Amino acid sequence: MDATERQRDDLEAASASWLARHQALWSRTLQPIRPLDSPRARVSPWDASWPLPQDLTSPGRARRLATAQLGDWGLEGLADPAELLVSELVTNALRHTRGPLRLNLCVRESSLRCEVEDTDPTCPVRRDADPDAEGGRGTVLLDLLAGAWGSTQVPTGKTIWFEISIPGPAPRR
């Protein structure tokens, strides 16, 4: 094989790799939007998703689902902070939005990512709560217990998420 043939093979491999990356990106972007009243697609055994109704029982159900799933994954040590933060996000979604919600959990590398999707595109605003206020401390809890958190606008509304680091070695895949 001469140098010209090697260059042509390298160029073809690079083009195929570029094309594969962009097809994967666009397929995720253009895939049909899954309604919030159904679970999100399960990409791996480390992904879980549940629809939640616009109901006062949803925060308790979300806590139970998160705790049970973390137990199945062998991540019981993350149950307390995850349970508290999931409850906070679901409660806020119930207070400030109308329509269905969805809870998503996934383990990636060495962190647990929890997401709550709702139908309102308005992202949360951080406010300082008065010492006597009964609420308004959700973002403070996220700052204290999560390694990272944020919100993202999506075509169906928004996704509020947080990540908690998994102590010790990453879970086996």
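Numbers here simply count residues along the sequence, with the first being 1. Computed from a prediction, not measured in an experiment: that's the story for all the values here.
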Please confirm whether the backbone N or O of Pro45 pairs with a side-chain atom of Trp73, one donor and one acceptor, at under 3.5 Å?
yes
Is there a side-chain contact between Phe162 and Leu89 (heavy atoms, below 4.5 Å)?
yes
Side-chain donor or acceptor of Asp47 paired with backbone N/O of Ser44 under 3.5 Å:
yes
Side chains of Leu75 and Val107, heavy atoms from C-beta outward: is any pair under 4.5 Å?
yes
Would you be so kind as to tabulate the donor-acceptor pairs closer than 3.5 Å made by side chains of residues 53-60, with sequence neighbours excluded?
| from | atom 1 | to | atom 2 | distance (Å) |
| --- | --- | --- | --- | --- |
| Gln54 | NE2 | Thr97 | O | 3.2 |
| Gln54 | NE2 | Gly99 | O | 2.9 |
| Asp55 | OD2 | Thr57 | N | 2.9 |
| Asp55 | OD2 | Thr57 | OG1 | 2.4 |
| Ser58 | OG | Pro53 | O | 2.6 |
| Ser58 | OG | Asp55 | O | 3.4 |

Partners passing salt bridge (charged side-chain N to carboxylate O under 4.0 Å, His left out) against Asp80 (at least two apart in sequence or in another chain)
none
Arg108 to Trp46, cation-pi by 6.0 Å centre distance and 45° axis angle:
no
Glu163 side-chain N/O to Gly147 backbone N/O, donor-acceptor pair under 3.5 Å
no
Can you tell if the side chain of Leu70 reaches within under 4.5 Å of the side chain of Glu76, non-hydrogen atoms only?
no
Keeping the roles fixed (side chain from Thr119, backbone from Arg98), state whether a donor-acceptor pair exists under 3.5 Å.
yes
Residues that Glu83 engages under salt bridge (charged side-chain N to carboxylate O under 4.0 Å, His left out), provided they are two or more places apart:
none
side-chain contact (heavy atoms from CB on, under 4.5 Å) partners of Thr122, counting only residues at least two apart
Asp120
Can you name the salt bridge (charged side-chain N to carboxylate O under 4.0 Å, His left out) partners of Arg63, sequence neighbours left out?
none
Asn104: partners by side-chain contact (heavy atoms from CB on, under 4.5 Å), with sequence neighbours left out:
Arg40, Ser49, Arg102, Glu115, Glu117
